[in-house]
Amino acid sequence: MQELFSQIESLLFVSNKPLTLKQLVKFTDSNEADIKQALQQLASDRLERGVVLLDAPDGYQLATNSANSEIVKNFLNADLREGLTEATVEVLAIIGYRQPISKAEIEAIRGVNSQYSLRALLMRGLIEKIPNPNDARGSLYQVTTEFLQHMGITSVEELPDFAELVAKIQLPETPQINSEVAAEGLDTNSEVAVIEISEEDLE
Amino acid sequence: MQELFSQIESLLFVSNKPLTLKQLVKFTDSNEADIKQALQQLASDRLERGVVLLDAPDGYQLATNSANSEIVKNFLNADLREGLTEATVEVLAIIGYRQPISKAEIEAIRGVNSQYSLRALLMRGLIEKIPNPNDARGSLYQVTTEFLQHMGITSVEELPDFAELVAKIQLPETPQINSEVAAEGLDTNSEVAVIEISEEDLE
Amino acid sequence: MTQIKIQQFEGPLDLLLSLIEQQQLDITQISLAHVTEQFLGYVKELEKIDATQIADYLGIAAKLLVIKSKAILPSLEVESLDEEPEEDLTEKLLRYKQFKEAAKYFKQLDARGLQSFTRTRVFSERINFWPDPAVTSGTLRTSIGAVLDSLKELDNLPKAKIKEAISIQEKIQTLQTKLSGQIETKMSDLIKNAKNKEEVIITFLALLELIKQRMFSVNQNELFTDITITQYTVSETEPQEAEPENNDII
């Protein structure tokens with residue numbers, strides 16, 4: 001087990017991109033269950049360390065601890081990734097909590113065409129498109145390790161529970177519009193009087 | 001101390017070259033004695049791990065544990081010899097038909113982040129990076145002479161339908177926000193009746 | 001009147017939410033009916049500056065008008081023609097609000113500026129050459145063709161949206177012409193050939209517009225009976241006093 005742990009760490013270290021479970025199975029010649037266990041250990045071991053394990057749908061990847069963001073940035077003489085716009089952060093939140101999710105579902109939640117936000121997020125590598133298993137022509141969107149790097153977290157599991165986060169926004173019973181309200185809206189002096197509605201209609 | 005330890009590990013991780021004590025002092029803003037102690041701890045911590053700390057004459061460096069060299073070699077070989085993915089072929093095609101081209105332009109055309117594909121193509125010697133004459137910090141990409149030879153041509157202009165296709169590759173624009181597009185199809189005299197209904201109508 | 005700045009909203013639901021919250025209302029059908037006019041006013045402004053967005057807003061505008069109309073004509077059964085029951089607008093709004101809350105949290109994460117970095121492997125051995133034997137110039141030709149196709153699609157998107165908005169307007173005008181040619185029209189006749197719910201709503205909207213313009217009046221004798229649309233005559237229930245001028249008439 002210690003050996004597998006070491007092998008996985010070596011592979012993650014030399015890989016230029018996230019590694020999937022399938023790839024790890026192939027190159028370590030071990031079974032999925034053992035690899036998952038080793039990855040779990042690796043992730044918890046590293047939490048306070050300089051190098052952490054990122055765990056996103058596109059795979060596993062080693063990265064610097066986001067607590068050291070400033071120092072690493074200065075060393076690399078790099079800029080931090082640009083901040084997100086309102087529209088993209090909205091789309092990202094929906095994907096983060098509902099992934100994998102289709103464009104249609106995202107648009108149903110937002111009530112607005114989201115093509116350009118999705119494109120912007122894809123271009124920045126914060127999300128990726130995967131085939132929809134239930135629809136040969138459709139796609140689903142999910143977040144990437146690049147997203148975790150940007151947000152400075154190691155997994156979406158680190159995000160607060162959605163239900164708790166939005167606890168103050170409850171879906172209440174929808175009150176029916178009653179006749180009182182309808183009547184209130186009908187002022188005989190207003191133009192709408194041309195619509196002849198009998199008394200019964202309002203009761 | 002734990003913090004310094006983490007910082008040093010982060011810096012060693014992202015550095016492609018050995019780091020000297022002097023560099024570590026500079027970027028962590030700590031004293032030599034503390035850094036040495038942290039490095040010692042790091043070295044002993046990592047002894048059995050997949051990534052070890054090397055203490056070479058020219059500095060400190062993280063590297064894969066030599067015990068895993070066989071697995072690492074297999075992985076790197078496969079990375080180089082496997083067939084190119086559809087995405088990577090797409091990036092290669094865009095570079096071939098529109099070189100020299102920047103990463104941002106490639107991504108604007110594809111609508112998808114292309115860092116992994118570019119890395120794979122560079123690694124395999126199919127494309128190369130050249131300085132961008134218009135941007136001191138940026139680079140442009142072009143296919144290598146070896147790759148042209150491999151395809152049996154001497155220049156990209158010999159690619160199929162080159163002239164016709166090159167003319168068609170336009171960088172997509174973001175949608176127009178002003179009224180220019182709107183005016184094209186919308187006669188201002190035929191306003192949407194929906195929005196002509198005023199408050200009084202319904203109350 | 002609260003002035004609303006154009007284009008500061010992430011779509012019609014965002015606009016509705018802020019209209020409701022501005023007035024410190026809860027998200028209910030009644031609140032929606034209450035802010036309908038302001039919503040429509042915004043859409044009117046939006047249409048002038050960005051017609052590509054208008055289709056999304058028109059869809060919600062139609063829903064709002066149905067809610068508002070039901071307050072006046074409780075017997076109105078627009079939704080009965082739905083193929084599938086549609087999610088209630090209040091519920092939709094609340095769900096959107098939940099995700100806005102989640103987005104706020106994401107924004108905070110983003111604003112911390114705490115990011116991770118990965119490493120890029122570099123090679124000590126300079127340029128080696130590992131082509132993929134399957135990739136030929138023909139492969140590149142096919143691949144660039146696919147890229148060009150998707151670029152074309154992207155290019156056509158805003159135009160398609162404008163077309164959609166225009167078609168809604170055209171339907172409204174067609175209907176206007178049709179109604180003007182007849183003395184009396186039954187509501188049921190107007191909607192019996194409707195292909196989808198959208199068309200029914202548009203029919204109803206157009207009707208409201210015509211009533212407003214004093215071109216027609218609407219009569220419903222009993223609850224749940226058909227609505228009859230007739231050319232407007234002054235002698236009906238209209239009070240004789242002068243009404244405030246309505247300058248909106250086209």
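Model, not experiment: these values are computed from the prediction. Proteins get letters first, then strands, A, B, ... in listed order; numbering begins at 1 in each.
Neither the backbone nor the side chain of B/L4 comes within contact range of chain A; no heavy atom of the residue lies under 4.5 Å from a heavy atom of that chain. If you measure heavy-atom distances from B/F27 to chain A, the contacts under 4.5 Å come from both the backbone and the side chain. A/Q23 does not touch chain B: none of its heavy atoms, backbone or side chain, sits under 4.5 Å away. Of the two parts of A/K26, only the side chain, counted from C-beta on, holds a non-hydrogen atom closer than 4.5 Å to a non-hydrogen atom of chain B. Using a 4.5 Å cut-off between heavy atoms, A/I71 touches chain B through backbone and side chain atoms alike. At a 4.5 Å heavy-atom cutoff, B/L12 makes no contact with chain A through either its backbone or its side chain. At a 4.5 Å heavy-atom cutoff, the contact between B/D79 and chain A is made by side-chain atoms alone. Interface remark: A/E146 contributes side-chain atoms only to the contact with chain B (heavy atom separation under 4.5 Å). There is no contact between B/I8 and chain A, counting heavy-atom distances below 4.5 Å. The part of B/A63 that comes within reach of chain A is its backbone (N, CA, C, O), which places non-hydrogen atoms under 4.5 angstrom from that chain. Contacts between B/F75 and chain A at a heavy-atom distance below 4.5 Å involve backbone atoms as well as side-chain atoms. Using a 4.5 Å cut-off between heavy atoms, A/S15 touches chain B through backbone and side chain atoms alike.
More than 12 heavy atoms of other residues, nucleotides or ligands lie within 6.0 Å of CD in B/E164, so this atom counts as buried by the packing criterion. Summarising the local packing, CD of A/Q2 is surrounded by more than 12 heavy atoms from other residues, nucleotides or ligands at distances under 6.0 Å. The environment of CG in B/D45 is crowded: more than 12 heavy-atom neighbours from other residues, nucleotides or ligands sit within 6.0 Å. Residue B/K103 qualifies as enclosed at atom NZ: its count of foreign heavy atoms under 6.0 Å is above 12. Within a 6.0 Å sphere centred on CD of B/E3, other residues, nucleotides and ligands contribute 12 heavy atoms or fewer. More than 12 heavy atoms of other residues, nucleotides or ligands sit less than 6.0 Å from atom CG of B/N74.
Every pair passing ring-ring contact (aromatic ring centres under 6.0 Å, His included) that includes a residue from residues 84-113 of chain B is listed here, sequence neighbours excluded: B/Y97-B/F162. For residues 39-68 of chain B, the set of pairs meeting the ring-ring contact (aromatic ring centres under 6.0 Å, His included) definition, not counting sequence neighbours, is empty.
The two atoms that bring B/Y116 and A/T145 nearest to each other are OH-OG1, 3.9 Å, heavy atoms only. The shortest non-hydrogen separation linking A/G50 to B/S10 is O-OG, 2.7 Å.
With rounding to the nearest 0.5 Å, the separation of CG in B/L118 from CG in A/N16 is 12.0 Å. Note that CD1 of A/I127 and CG of B/N113 are 11.0 Å apart. Values are rounded to the nearest 0.5 Å. Distance check, rounded to the nearest 0.5 Å: CD1 of B/I106 to CE of A/M123 gives 11.0 Å. For the atom pair CD of B/Q115 and NZ of A/K17, the computed distance is 11.0 Å after rounding to the nearest 0.5 Å.
Applying the side chain to side chain contact (heavy atoms under 4.5 Å, CB included) test to B/D135 and every residue at least two apart in sequence or in another chain returns B/N132, B/R137.
Between the side chain of B/R49 and the main chain of A/E9, no donor-acceptor pair closer than 3.5 Å is present. Although no hydrogens or angles enter the test, the distance criterion places a donor-acceptor pair under 3.5 Å between the side chain of A/N68 and the main chain of B/S6.
For the set A/V52, A/D29, A/L76, the count of heavy-atom pairs under 4.5 angstrom toward chain B peaks at A/L76.
Contacts of residues 84-95 of chain A with chain B at a heavy-atom distance below 4.5 Å are absent; not one residue qualifies.
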